[in-house]
Amino acid sequence: MFRGGYWKPYIGFLRIAACFLVIVNHTNSQIFLNGVPSATWFCSVTYFFVCKIAVPVFLLVIGAVLSDKEDTPKRSVKRIWRIVVVGGAGSLCYGLYYAGQNGAAFSLGNFLKNLLKGPATNAFWYLYLYLALLCLLPILQRMVKALSKRQLEYTLFLSLGILGVLPLIRIFFPSFQVYGYLTTALFSPYVGMVLLGYYIEHYVPVTGKSFWSAFCGFILLIAFQVAGTYLLYQRDPGSWLVLDDRTLLTITGSSACFYICVRYIFSRFPPKPGLERVIHSVSNLTFGIYLSGDMMIAVSRPLYAVLCEHCHVLIAVVLWEILIFTGCAIVTAGLRLIPPLRKWI
């Protein structure tokens, strides 16, 4: 999921950045949700839409790393089994923790019954998506090899273009409607993100022109989301955060731009061996950081209150997020010292 045999420094950095932004996604929004438009509000909303690239970047990496292979059925089953086991064990830990926090009795029967209905903790929704993508992956691996560049572009247009733009139009023009059966048979945008990772890796050149195009695209898309959110807030302060949808082309596009920029920077300025080893080591911890993130957020929340007393709320939240990431990394590194756990996290 977050590491594999295929590894390049920029792939490791993208995993680390996406993992950190998952933590940002679960901590920063309380600032603007509890405020009104101001300099702090705009900074927090901008930070929020930057962090929204986290999941799409993970999916782009999957496309770049895994879609170029052809896994055997045994290898595919091992990948799926790992997520089932780790996801189940992690969910059980959260179920016990939240039951203890709420002073409620823990029922294993109810826990197992509810596990199919939804995640045990906020961040674990992604495990369900990833599990479904793993089931599709052997098909996608063969499909991308059979498609020409133009055919792959057409597939991305249907998946990310059509399905990423139509909801965006509906947000700003509510009277615009498209009959559901016209779109339900198209590829899921999440599948499209995996295919887009493969496309970028194989067909987007690593050039200064690509970098500057992606850099400008990233800035413009983030600016559009912030301005659009402000406009929607003015229209209806009770329901205005509808641009928070990873399947919209605004978020998918900014994620692809970020990927292209990072790949170019690492090709233009290769990290020294020492830094490369650090990136590699930390990227191998990202799965464990992701798994323990919600727990660390809950445990360390009082620390955030203390930080807010001594510095600006935005500085406080960034420091808190860094501490959460670091704490999760230390815990994960410790657990990976136990040989039976190393292959799982």
Between the CG atom in Leu137 and the CE atom in Met143, the distance rounded to the nearest 0.5 Å is 11.0 Å
Is there a side-chain contact between Phe58 and Tyr130, using heavy atoms and a 4.5 Å cut-off?
no
Group every Ile, Leu, Val, Met, Phe, Trp and Tyr by side-chain heavy-atom contacts under 4.5 Å, then state whether Ile251 and Leu168 land in the same group.
no
For Lys145 and Glu70 the tightest heavy-atom approach is CD-OE2, 3.3 Å
To the nearest 0.5 Å, what is the distance between CG (Asn284) and CD1 (Ile345)?
11.5 Å
Considering non-hydrogen atoms only, spot the tightest contact between Met193 and Leu160 and give its length.
N-CD2, 3.9 Å
Compare all side-chain heavy atoms of Val57 with those of Leu21 and state whether any distance is below 4.5 angstrom.
no
Is it true that a side-chain atom of Ser210 and a backbone atom of Val206 form a donor plus acceptor pair closer than 3.5 Å?
no
Is there a side-chain contact between Phe49 and Thr250 in this structure, where contact means two heavy atoms from C-beta onward sitting under 4.5 Å apart?
no
Assert yes or no for the condition that the ring centre distance of Tyr128 to Trp125 is strictly below 6.0 Å.
no
State, with a plain yes or no, whether a side-chain heavy atom of Phe48 is found less than 4.5 Å away from one of Leu241.
yes
Please report the shortest heavy-atom distance between His280 and Ser283, naming the atom on each side.
O-OG, 2.8 Å
Find out whether Ser267 and Tyr10 are in side-chain contact, i.e. whether some heavy atom of one side chain is under 4.5 Å from a heavy atom of the other.
no
Are any non-hydrogen side-chain atoms of Ser91 and Leu115 less than 4.5 angstrom apart?
yes
With a 3.5 Å distance limit and no angle check, can you tell me whether Ser159 reaches the backbone of Thr155 through a side-chain donor-acceptor pair?
no
Of all the heavy-atom pairs spanning Thr286 and Arg15, show the shortest one and how long it is.
CG2-O, 3.8 Å
What one should report as the nearest heavy-atom pair of Glu276 and Pro9 is CD-CG, 3.7 Å
Please confirm whether the backbone N or O of Met295 pairs with a side-chain atom of Tyr94, one donor and one acceptor, at under 3.5 Å?
yes
Residue pair Tyr98 / Thr121, side-chain donor-acceptor N/O under 3.5 Å:
yes
Using the rule that two of Ile, Leu, Val, Met, Phe, Trp, Tyr join whenever any of their side-chain heavy atoms come within less than 4.5 Å, decide whether Tyr290 and Leu60 are in one cluster.
yes
Side-chain donor or acceptor of Arg82 paired with backbone N/O of Trp344 under 3.5 Å:
yes
Evaluate side-chain contact (heavy atoms from CB on, under 4.5 Å) for Phe13 paired with Ile265, printing each intermediate quantity in order.
CA-CA 11 Å; Phe13 178 83; Ile265 290 171; over 6 Å; no
Is it true that, when you exclude Phe172 itself, more than 12 heavy atoms of the residues, nucleotides or ligands shown sit nearer than 6.0 Å to its CZ?
yes
So does Arg235 have more than 12 non-hydrogen atoms from other groups sitting under 6.0 Å from CZ?
yes
Tyr47 versus Glu321, side-chain donor and acceptor atoms under 3.5 Å
yes
Considering all heavy atoms, the nearest Tyr203-Leu147 contact
OH-O, 4.5 Å
Passing option when Phe211 is tested against Phe269, Phe258, Tyr264 for ring pair (Phe, Tyr, Trp, His ring centres under 6.0 Å)
Tyr264
Quick check: is Leu186 connected to Tyr179 through a chain of hydrophobic side chains (ILVMFWY, heavy atoms under 4.5 Å apart)?
no
Side chains of Gln234 and Trp240: closer than 4.5 Å at any heavy-atom pair?
no
Rounded distance (nearest 0.5 Å) linking atom OG1 of Thr229 with atom CG of Asp244
8.5 Å
Any non-hydrogen side-chain atom of Phe124 less than 4.5 Å from a side-chain atom of Asp294?
no
Roughly how far, to the nearest 0.5 Å, is OG1 of Thr332 from CZ of Phe325?
9.0 Å
Parallel, tilted or perpendicular: which describes the rings of Phe106 and Phe111, with under 30° parallel and over 60° perpendicular?
tilted
Group every Ile, Leu, Val, Met, Phe, Trp and Tyr by side-chain heavy-atom contacts under 4.5 Å, then state whether Val55 and Leu221 land in the same group.
no
Give a yes or no answer on whether the side chain of Ser76 reaches the backbone of Thr72 with a donor-acceptor pair at less than 3.5 Å.
yes
Heavy-atom count check: over 12 atoms from other residues, nucleotides or ligands less than 6.0 Å from Phe187 CZ?
no
Closer than 3.5 angstrom, by distance alone: can the side chain of Gln225 be matched with the main-chain N or O of Leu243 as a donor-acceptor pair?
no
Calculate, to the nearest 0.5 Å, the distance between atoms CG and CG belonging to Leu182 and Leu166 respectively.
8.0 Å
Trp81 vs Leu134, test: side-chain contact (heavy atoms from CB on, under 4.5 Å). Steps then yes/no.
CA-CA 10 Å; Trp81 179 242; Leu134 284 182; over 6 Å; no
Answer yes or no: is there a donor N or O on one side and an acceptor on the other, between the side chain of Ser44 and the main chain of Thr40, under 3.5 Å?
no
Does the side-chain contact (heavy atoms from CB on, under 4.5 Å) test come out yes or no for Val331 and Met296, once each step is laid out?
CA-CA 10 Å; Val331 170; Met296 192 66 72; 4.1 Å; yes
Please work out whether the ring planes of Tyr230 and Trp41 are parallel, tilted or perpendicular, with thresholds of 30° and 60°.
perpendicular
Leu116, Leu112: one ILVMFWY side-chain cluster at the under-4.5 Å cut-off?
no
For Tyr181, does the OH atom sit with more than 12 other heavy atoms under 6.0 Å from it, leaving out its own atoms?
no
CA sep, side-chain torsions, deciding dist, call: Phe42, Val45, side-chain contact (heavy atoms from CB on, under 4.5 Å)
CA-CA 5 Å; Phe42 276 105; Val45 170; 5.7 Å; no
Phe218 backbone acceptor or donor facing Ser254 side chain under 3.5 Å
no
Partner of Tyr198 under side chain to side chain contact (heavy atoms under 4.5 Å, CB included), picked from Val65, Leu156, Val144, is Val144
Check for a donor-acceptor pair, side chain of Asn34 on one end and backbone N or O of Gln30 on the other, with a separation under 3.5 Å.
yes
Return the CG to OG1 distance between Leu59 and Thr252, rounded to the nearest 0.5 Å.
9.0 Å
